[in-house]
Amino acid sequence: MKVLVLVEDYPSKKSQALMYVHVRNQYYKKKGIQVTVLNFRTKENYTIDGVNVITLNEYKTNLKKYKDYILIAHAPNIKHHYVFFKKYEKNFKNIMLFFHGHEVLKINKVYSKPYKYVKQNAIKKIIQDIYDDIKLYIWRKYYTKIAYKSYFTFVSSWMYNEFLKWTKIKPEVIENRYSITYNGIGKEFENTCYDESKEKRYDFITIRANLDGSKYSIDIVNELAKINPQNTFLVVGKGKFFEYNEKAENLEWMDKVLDHTEIIELLNKSKCALMPTRTDAQGLMMCEMATFGIPLITSDIPVCYEIFDTFKNVALINNENIKENNLQKLYEKIKGKKEKNRKYFYENTCNKEIEIFKNILGGI
């Protein structure tokens, strides 16, 4: 079986972009699938961890080579994916589409209001709304047209419902041609377990790549730290949040981005992960933490009820009434839950995708 994977960007020596797609592709390879990635941003072909990555020009030069491939597209956008579809979609018998978030959402309606210090341009906001209307109109027409040979994969039921809401595609158009298939977690979180016996330096730890996105709720973390002076908090991530907001005295900020090994090291130095969120399609980092086994506190928004429904080490807080949340009481309730939850293991996520390749899309 052969697959051609379309991505806006991809991991390389200089980037860790879309690592969740790369980990998925490595799993495909281990299962005997031939994987080629078309990275729209790369200017040269390269190989990473045994996965071949090509340029758009490379594909154009060798069109016939890929005629028997299943086409896979992650987070399709108008600028690159749609243009590619229009020119080359007829060359593929089967297409699998993965929806991860913004690509089928009305951004200003779904995402939380930006922090005040993040410069907002009224004109840009209007342009974003116009662009989203055009984007959603195009996808509604196009996905309806190619539905007969496509399969639609959503990383949560929330993502599926939002897709229908904003594209206005009728459910019957993709009936029996879609599934909810969660992103799998990194192998490090599958293969290792939280060590409760290690000495703890922090009571609560929050790890985010971008502190300035309001959906990541660093303001809630900072407020919780202020009203819980008896506890120690660690926030890890890049951003300007604490340049514009007074940092709680009992909160330590680590201004960096971590790899999986560093994340695990810090989690083992912490009693509980604190990961409030205002919007998430799945929340992969939270899934990795919860599977690792550390007690996790996140937000009581619909997607979190779905994502963590089988996790005994997860508790939910109310984003709107921060002072009413008793962190210590919640932690005491979920600590010591050592059962390894396998919901997001690749055997339960990627295996489902491979079955779709074989049984529905006709892969050989």
Side-chain angles (χ1 to χ4, degrees), residues 5-9 16-24 72-78 81 96-114 128 132 135-136 139-140 143 150-169 171 174 178-186 189 206-210 212-218 220 237 273 275-291 296 298-311 314 316 319 343-346 348-350 352-353 356:
V5 183
L6 302 184
V7 287
E8 179 63 23
D9 204 354
Q16 291 295 301
L18 274 66
M19 181 58 73
Y20 59 86
V21 179
H22 180 52
V23 176
R24 180 184 262 110
I72 298 175
H74 283 275
N77 61 42
I78 298 296
H81 294 75
M96 191 165 183
L97 304 158
F98 282 87
F99 300 97
H100 299 279
H102 65 88
E103 63 271 21
V104 286
L105 301 177
K106 191 79 177 284
I107 301 298
N108 290 328
K109 294 288 186 180
V110 177
Y111 285 4
S112 54
K113 186 178 180 180
Q128 180 70 59
D132 283 348
K135 169 189 75 178
L136 293 167
W139 286 137
R140 177 168 65 254
Y143 288 151
S150 301
Y151 197 85
F152 300 74
T153 305
F154 305 92
V155 297
S156 65
S157 295
W158 178 88
M159 188 71 253
Y160 166 71
N161 291 326
E162 291 294 301
F163 170 86
L164 295 179
K165 176 181 178 179
W166 297 110
T167 64
K168 294 183 171 59
I169 291 176
I174 62 172
Y178 83 92
S179 67
I180 310 302
T181 307
Y182 303 107
N183 285 316
I185 60 172
F189 299 98
T206 304
I207 302 176
R208 294 297 194 185
N210 174 23
D212 297 325
S214 62
K215 74 173 187 173
Y216 299 121
S217 308
I218 297 303
I220 292 177
M275 300 286 285
T277 176
R278 290 185 170 94
T279 309
D280 258 308
Q282 177 181 348
L284 186 57
M285 171 71 76
M286 296 188 295
C287 294
E288 291 177 329
M289 290 177 169
T291 304
L296 170 73
T298 184
S299 301
D300 62 349
I301 61 176
V303 69
C304 290
Y305 282 100
E306 172 192 351
I307 295 303
F308 299 114
D309 61 345
T310 62
F311 283 81
V314 176
L316 307 179
N319 288 344
K343 182 175 181 177
Y344 300 113
F345 276 33
Y346 271 78
N348 296 321
T349 55
C350 274
K352 190 174 179 180
E353 295 166 16
I356 293 170

Open item on the list: Name the residue from T279, N319, T277 that meets the side-chain hydrogen bond (donor to acceptor under 3.5 Å, both in side chains) definition with S299.
Closed with: N319
So does [Y] get a backbone contact from the side chain of [X], meaning a donor-acceptor N/O pair under 3.5 Å?
X: R140; Y: I169; value: no
X: N161; Y: S157; value: yes
X: S217; Y: K215; value: yes
X: E8; Y: A75; value: no
X: Q128; Y: I107; value: no
X: Q282; Y: N183; value: yes

Show the nearest heavy-atom pair for residues [X] and [Y], with the distance to one decimal.
X: G184; Y: T349; result: CA-OG1, 3.6 Å
X: P76; Y: E103; result: O-CB, 3.3 Å
X: E288; Y: G186; result: OE2-N, 3.0 Å
X: A281; Y: V303; result: O-CG2, 3.5 Å

- [ ] Output, in order, the C-alpha distance, side-chain angles, deciding distance and verdict of side-chain contact (heavy atoms from CB on, under 4.5 Å) for I207 and M285.
- [x] CA-CA 8 Å; I207 302 176; M285 171 71 76; 4.1 Å; yes
Quick one: [atom1] on [X] to [atom2] on [Y], what's the gap to the nearest 0.5 Å?
X: T153; Y: M96; atom1: OG1; atom2: CE; answer: 3.0 Å
X: L97; Y: Y143; atom1: CG; atom2: OH; answer: 5.0 Å
X: C304; Y: L316; atom1: SG; atom2: CG; answer: 6.5 Å
X: Y160; Y: I174; atom1: OH; atom2: CD1; answer: 5.0 Å
X: L105; Y: T167; atom1: CG; atom2: OG1; answer: 10.0 Å
X: K352; Y: Y182; atom1: NZ; atom2: OH; answer: 7.5 Å

Can you find a heavy atom in the side chain of [X] that is under 4.5 Å from one in the side chain of [Y]?
X: F189; Y: C287; answer: no
X: R24; Y: E353; answer: yes
X: V110; Y: E162; answer: yes
X: M159; Y: V104; answer: yes
X: N77; Y: K135; answer: no
X: M286; Y: V314; answer: no
X: I220; Y: R278; answer: yes
X: V5; Y: H74; answer: yes

- [ ] For a ring-ring contact (aromatic ring centres under 6.0 Å, His included) with F99, tell me which candidate from W166, Y178, F154, Y151 qualifies.
- [x] F154
Open item on the list: Please enumerate all residues that pass ring-ring contact (aromatic ring centres under 6.0 Å, His included) together with H22, with sequence neighbours excluded.
Closed with: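 Checked H22 against ring-ring contact (aromatic ring centres under 6.0 Å, His included); matches are Y10.
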Open item on the list: Among residues at least two apart in sequence or on other chains, which ones pass ring-ring contact (aromatic ring centres under 6.0 Å, His included) with Y216?
Closed with: none
Task: Trace of the side-chain contact (heavy atoms from CB on, under 4.5 Å) decision for F345 with T291 - done: CA-CA 9 Å; F345 276 33; T291 304; 3.5 Å; yes
- [ ] Tell me yes or no: between the side chains of S112 and S214, is some donor less than 3.5 Å from an acceptor?
- [x] yes
TODO: Classify the angle between the aromatic ring planes of H100 and F98 as parallel (below 30°), tilted (30 to 60°) or perpendicular (above 60°).
DONE: parallel
TODO: Would you sort out whether F152 and F163 count as a side-chain contact (heavy atoms from CB on, under 4.5 Å), showing the intermediate values?
DONE: CA-CA 10 Å; F152 300 74; F163 170 86; 4.2 Å; yes
TODO: Give the intermediate values and the outcome of side-chain contact (heavy atoms from CB on, under 4.5 Å) for residues L296 and F311.
DONE: CA-CA 10 Å; L296 170 73; F311 283 81; over 6 Å; no
